[in-house]
Amino acid sequence: MAYVYTIIIILIILFVLYLYLIAPKKSSQAIEKFRNVHLAHRGLHGDGVPENSMKAFSLAVESGFGIELDVHKTLDDKVVVIHDSNTMRVCGVEKMIEESTYEELCELSLENTEEKIPLFKDVLTLVNGKVPLLVELKSKGSEIISCPYVVELLDSYNGDYCIESFNPLIVAWFKKNRPDIVRGQLSSKIKTVGKDTFKDKLLGFMITNLMTNFMAKPNFIAYDYRYISNLSFKLCKTIFKAPIFLWTLKGKEVQDKFEGKYFGYIFEK
């Protein structure tokens, strides 16, 4: 019988530890301005309008939608708006963002249009507080060097915004250095965060199951809607009452299915 009690106690301790790992920051009033906001994924793109382009952002503003966008830091310390770390998919030319200068990136065109990879500061000038922004910070591996550069631009911006990242070290940087900025942990079903090593697989498992929340203490969770059966996600929503943004809802049928059931969502046309 003592053996059974020992097992039960161990299981209870492990479960309490698990809850500690996944617990986000308690909800605050600061995030309420983002409730029920519909965010256009990489701007309102499609039909000849490239993603993360000035035209896509302009159309989102004109339509009254919030904007989700992605930022990288260039070799010469400029902050540019682009999703991938490699330009091949959207420009047809292979350049690594972190290894290229902004001048070099200006030589490229987005999806064979006249649109260029925009500077983050130019996007901020365009939006000018008209709609809320959700800024995803991208990183090369575990790097967090882009954070101060992004914050410098946001500090002079007069509008509502919050930040998010798949990289929990970036979210933790904001917790430590700029706790006033609303921050979110992005997640999905992640097999590995890099090379096929045990360390990368473990980190992918932890991010998938929101087990890095203990150090980043995000104000909200942004989760891939296809995997919301995940236990950690459900516990963050039900027990910890974390604000949830679902991503990326494509098409009216999917959007209608989740309308009003979560804090907000990121969508594509």
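The shown structure was predicted, so the numbers you read here are calculated from the model rather than taken from an experiment.
Asn213 and Gln185 share no side-chain donor-acceptor pair at under 3.5 Å. Side-chain N/O atoms of Thr197 and Asp200 include a donor and acceptor closer than 3.5 Å. For the residue pair Asn158/Asn128, the side-chain donor-acceptor check at 3.5 Å is not satisfied.
Pro179 and Arg183 get closest at one heavy-atom pair: O-NH1, 3.8 Å. His83 and Lys138 make their closest contact through NE2-NZ, 3.3 Å (heavy atoms, listed as atom of the first residue, atom of the second, distance). The minimum heavy-atom distance linking Pro132 with Leu39 is given by the pair O-CD2, 4.2 Å. Ser139 and Ile170 make their closest contact through CB-CD1, 3.8 Å (heavy atoms, listed as atom of the first residue, atom of the second, distance). Minimum heavy-atom separation, Lys116 to Leu108: CD-O, 2.9 Å.
Scored by the side-chain hydrogen bond (donor to acceptor under 3.5 Å, both in side chains) test, Asp224 finds Ser188, Arg226 as partners (sequence neighbours excluded). Taking Tyr18 as the reference, Ser232 meet the side-chain hydrogen bond (donor to acceptor under 3.5 Å, both in side chains) condition, with sequence neighbours excluded. In terms of the salt bridge (Lys or Arg N to Asp or Glu O under 4.0 Å) criterion, Lys78 has no residue partners (sequence neighbours excluded). Qualifying side-chain hydrogen bond (donor to acceptor under 3.5 Å, both in side chains) partners for Thr74, counting only residues two or more places apart in sequence or in other chains: Asp76. For Phe174, there are no ring-ring contact (aromatic ring centres under 6.0 Å, His included) partners, not counting sequence neighbours.
Applying the ring pair (Phe, Tyr, Trp, His ring centres under 6.0 Å) definition to pairs two or more places apart or across chains, those involving residues 27-65 are His38-Tyr265, Phe65-Phe267.
For the pair Lys237 and Tyr262, the distance from NZ or CZ to the six-membered ring centre is under 6.0 Å and the angle to the ring normal is within 45 degrees.
Using a distance-only test at 3.5 Å, with no hydrogens or angles considered, no donor-acceptor pair links the side chain of Ser109 to the main chain of Asn112.
Relative orientation of the Phe263 and Phe245 rings is perpendicular, given thresholds of 30° and 60° on the angle between their planes.
Using a 4.5 Å cut-off between side-chain heavy atoms of Ile, Leu, Val, Met, Phe, Trp and Tyr, with links allowed through other members, Val71 and Leu169 fall into the same hydrophobic cluster.
When each of Lys95, Glu99, Glu94, Glu98 is checked for a side chain to side chain donor-acceptor pair (under 3.5 Å) with Asn86, only Glu94 meets the rule.
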